[in-house]
Amino acid sequence: MTTWKANDVSQEDAARKLDIWPLDEYNAKLLNEVHPRDYLQSTSDPHELYDLIAIGAGAGGLVSSKQTARRGGKSAMISEHLAGGDCLNVGCVPSKALLRAMKAIREVKRSTEFGINLGGIEPIIDFPTIMKRLREKRAVISPADGHSGTTGVGTHVFQGRGRFTGPNTVEVNGVTLTFRKAVVATGGRPTLPAYPGLKDAPFTTNELLFNLEELPPRMVVLGAGVIALEMAQSFAAFGSSVTVIQRSERLFRSKFGDKEAGELLQTLLEGDGITFLSNTTVKQVETLRDRSVDNLPLMKIKVDVDGEELDLECECLLVATGRASNVEDLGLDVAGVDYQVGKGVTINDYAQSVSNQNIYAVGDCAAGVPRLTHMSGEMAKQVVQNALFGDSWKLSDFVVPAVMYTEPEYATVGIDSLDQAVNKGLDVDVYRGGLEHNDRAILESDNHGFVKIICEKGTDKILGATIVASRAGEIINEVTLAMKHGIGLGDIGRNIHAYPTTGEALMGAGLQFINSRWKRLD
């Protein structure tokens, strides 16, 4: 089998067709793991009947097929593009590498506060080295998702387009495979708004952003969700002039997110040099210069901001306005699987197709579920447990946190704001533990933020939470555990938390509940 070779000019076009470049030693290592050259299948003797076949090789396909094999079943995974899916290749992993670089830059720039004097020397931001580190760390992680690791546990791997040819058969590379159960785990893709000129412009999405080798002087971001804000803050730290365009009047408004959180984060991000244009409509995207080997592209975006027209020019237009499910050209109709283009496969509470209960769907290609890597992985475990071992795990029992890894982080779970509770017709109490008096946050010079816990009115039953803090992604897990196992806010308040920790803010919210019910001697 031919391997990918670093700096092999004859292989560069093939790598670019997989949306991976430059073909350096790190990307060659990545591709040898997640899309080996000339690879068709790991076995010359497919099973007559598979217990489970997964179409897709992201978190959902990997977990479901590998766990089946580990537990004694016959499984296959069909990988068309890059094993590891969005998370490894163009999502969680590379974005966190950039965020780590961003945080390092922030620390250097504030070093004098901590008694570290750089002698007036301005730090030089080396963007190519930042991107090289990204590729290096991604390659280090890649074997966990690579074909050799999957076949190593006993799963058969097929590399190609998988399509259903019947209610219990799949075809890949001209080979027909028969299954007892199947999992659709084909993920999703960025959506493209119907703005005039955008489709033909040299825009970028998360699928191409991490290939950049030159820092764009100006970046315009369409959207204000997780990808949009994480990358806006990162590229602003690297030295790009960044403008974020959002249709609503504040962050998180469209999902009834916490108002204080949205306003605080926007203020802090503006302090990092990011410009926000709110209540803004894109009127047209004009291409002034296309992308070439020697030049970044150049675009002009015409926008309407509260009735005022503005022209914005940029070398990088990042489109981060949402995602659509990958359900086309899979043979779902032939398999009797109901689905909606864009939204995904229609499933029940057990992750089964409502119309063919031998076929399941997990992750971004399933309709109505959070589009998060950890959700996809947990659904995959659910499918194996339910489909092969007769259990009845329910999606409705899942408690799923979400984290945006900006600085500070923004973490939510369940009913995460008063506005969301009102929208759902729920009567609630809100308990807040601020970081302004949190000793650890003060000592870190990082005491902007809070913990808010939403409880059922008059009780300590936790319905959800919003946390804004540097360690929000760690703190939210305690809330998630409490919600999953029926632990009340009062019990969290009585749980001894290590001092000094940012997590004491959560205990502070619990103490608010306890103190409101104190008995008094007077």
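Worth saying up front: this structure is predicted, and the values here are computed from it rather than measured.
Checked by atom type, the side-chain pair Ser75/Thr155 shows a donor-acceptor distance below 3.5 Å. Checking Arg371 against Ser325 by side-chain atom types alone, a donor-acceptor pair falls below 3.5 Å. A donor atom on one side chain and an acceptor atom on the other are found under 3.5 Å apart for Gln246 and Ser278. Side-chain contact annotation: His437 with Glu504, donor-acceptor N/O pair under 3.5 Å absent. Under 3.5 Å, the side chains of Thr275 and Glu270 contain no donor-acceptor pair of N or O atoms.
Residues Leu18 and Leu31 have side chains in contact (heavy-atom distance under 4.5 Å, counting atoms from C-beta outward). For the pair Leu265/Met404, a side-chain contact is recorded, criterion being any heavy-atom separation below 4.5 Å from C-beta on. Residues Gln382 and Leu395 are in side-chain contact: their nearest non-hydrogen atoms beyond the backbone lie under 4.5 Å apart. Contact annotation: the side chain of Lys457 never approaches that of Val428 to less than 4.5 Å [non-hydrogen atoms, C-beta and beyond]. Using a 4.5 Å heavy-atom threshold, the side chains of Leu268 and Glu407 count as separate. Looking only at side-chain heavy atoms (C-beta outward), Asp416 and Ile454 stay at 4.5 Å or farther from each other. Using a 4.5 Å heavy-atom cutoff, the side chains of Met219 and Glu315 are not in contact. Contact check for Leu208 versus Asp19: side-chain heavy atoms found under the 4.5 Å cut-off.
For Arg106 and Asp272, the salt-bridge test passes: some basic side-chain N is under 4.0 Å from an acidic carboxylate O. Using a cut-off of 4.0 Å between Lys/Arg side-chain N and Asp/Glu carboxylate O, Arg432 and Glu260 are scored as salt-bridged. The pair Glu249-Arg253 counts as a salt bridge, with a side-chain nitrogen and a carboxylate oxygen less than 4.0 angstrom apart. Between Asp419 and Arg250 a salt bridge is recorded (basic side-chain N to carboxylate O distance below 4.0 Å). Using a 4.0 Å cut-off between a side-chain N of Lys or Arg and a carboxylate O of Asp or Glu, Arg440 and Glu444 qualify as a salt bridge. Salt-bridge formation is not detected for the pair Glu474/Arg471: no Lys NZ or Arg NE/NH1/NH2 atom is positioned less than 4.0 Å from an Asp or Glu carboxylate oxygen.
A side-chain contact (heavy atoms from CB on, under 4.5 Å) with Leu30 is found for exactly one of Val140, Asp145, Asn89, namely Asn89.
Using a distance-only test at 3.5 Å, with no hydrogens or angles considered, a donor-acceptor pair links the side chain of Thr150 to the main chain of Gly146. The backbone N or O of Ala335 sits less than 3.5 Å from a side-chain atom of Asn356, completing a donor-acceptor pair.
Expressed to the nearest 0.5 Å, how far CD1 of Ile467 lies from OG1 of Thr412 amounts to 9.5 Å. Of the inter-residue distances, the one linking Leu98 atom CG with Lys103 atom NZ reads 12.0 Å to the nearest 0.5 angstrom. Here Leu82 contributes atom CG and Cys87 contributes atom SG; the two are 13.0 Å apart, rounded to the nearest 0.5 Å. Residue Ser516 holds its OG atom at 9.5 Å from CG of Asp460, rounded to the nearest 0.5 Å. With rounding to the nearest 0.5 angstrom, the NZ atom of Lys259 is 12.0 Å from the CG atom of Leu264. Atoms CG and CE, on Leu209 and Met131 in that order, are 6.5 Å from each other to the nearest 0.5 Å.
A cation-pi contact, defined as under 6.0 Å to the ring centre and within 45° of the axis, is absent between Lys343 and Tyr339. Both cation-pi conditions hold for Arg71 and Phe389: the charged atom is under 6.0 angstrom from the six-membered ring centre and inside a 45 degree cone around its axis.
In terms of heavy atoms, Ile347 sits closest to Ser353 at CG2-N, 4.2 Å. Shortest non-hydrogen contact noted between Leu435 and Asp446 is CD1-O, 4.4 Å. Heavy-atom minimum distance, Cys314 versus Ile301: SG-CD1, 3.5 Å. The shortest non-hydrogen separation linking Arg517 to Gly458 is NH2-O, 3.5 Å. Between Gly434 and Ala505, the shortest heavy-atom distance links the atoms O-CB, 4.4 Å. The minimum heavy-atom distance between Met375 and Val369, with the atom names listed, is CE-CB, 4.1 Å.
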Ile514 and Arg494: side-chain contact (heavy atoms from CB on, under 4.5 Å), yes or no, with the steps? CA-CA 9 Å; Ile514 293 168; Arg494 291 189 180 94; 3.6 Å; yes
Apply the test side-chain contact (heavy atoms from CB on, under 4.5 Å) to residues Val93 and Lys137: give CA-CA distance (whole Å), side-chain angles for both, the deciding distance (0.1 Å), then the verdict. CA-CA 8 Å; Val93 169; Lys137 299 304 181 184; 6.0 Å; no
Assess whether side-chain hydrogen bond (donor to acceptor under 3.5 Å, both in side chains) is satisfied between His497 and Glu478, documenting all intermediate values. CA-CA 11 Å; His497 287 63; Glu478 184 178 354; 2.9 Å; yes
Evaluate ring-ring contact (aromatic ring centres under 6.0 Å, His included) for Phe252 paired with Tyr410, printing each intermediate quantity in order. CA-CA 11 Å; Phe252 319 135; Tyr410 167 69; 4.1 Å; yes
Checking Gln233 against Leu269 for the side-chain contact (heavy atoms from CB on, under 4.5 Å) test, could you report, in this order, the C-alpha distance in whole Å, the side-chain angles of both residues, the deciding distance, and whether it holds? CA-CA 7 Å; Gln233 190 177 34; Leu269 291 171; 3.6 Å; yes
Assess the residue pair Val184 and Ile55 against the criterion (side-chain contact (heavy atoms from CB on, under 4.5 Å)); give the C-alpha distance rounded to whole Å, side-chain angles, the decisive distance to 0.1 Å, and a yes or no. CA-CA 5 Å; Val184 183; Ile55 301 180; 5.5 Å; no
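Crowding of Arg247 atom CZ: a count of heavy atoms from other residues, nucleotides or ligands under 6.0 Å not exceeding 12. Other residues, nucleotides and ligands contribute more than 12 heavy atoms inside 6.0 Å of the CZ atom of Arg189.
The aromatic rings of Phe127 and Phe235 sit tilted, their planes meeting at an angle between 30° and 60°.
Under the rule for a side-chain hydrogen bond (donor to acceptor under 3.5 Å, both in side chains), the partners of Ser396 that lie at least two apart in sequence or sit in another chain are Asp349.
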If you look only at distance, which donor and acceptor atoms sit under 3.5 Å apart when one is on a side chain in residues 223-230 and the other is two or more places apart or in another chain?
from, atom 1, to, atom 2, distance (Å)
Glu230, OE1, Lys96, NZ, 3.4
Glu230, OE2, Tyr405, N, 2.8

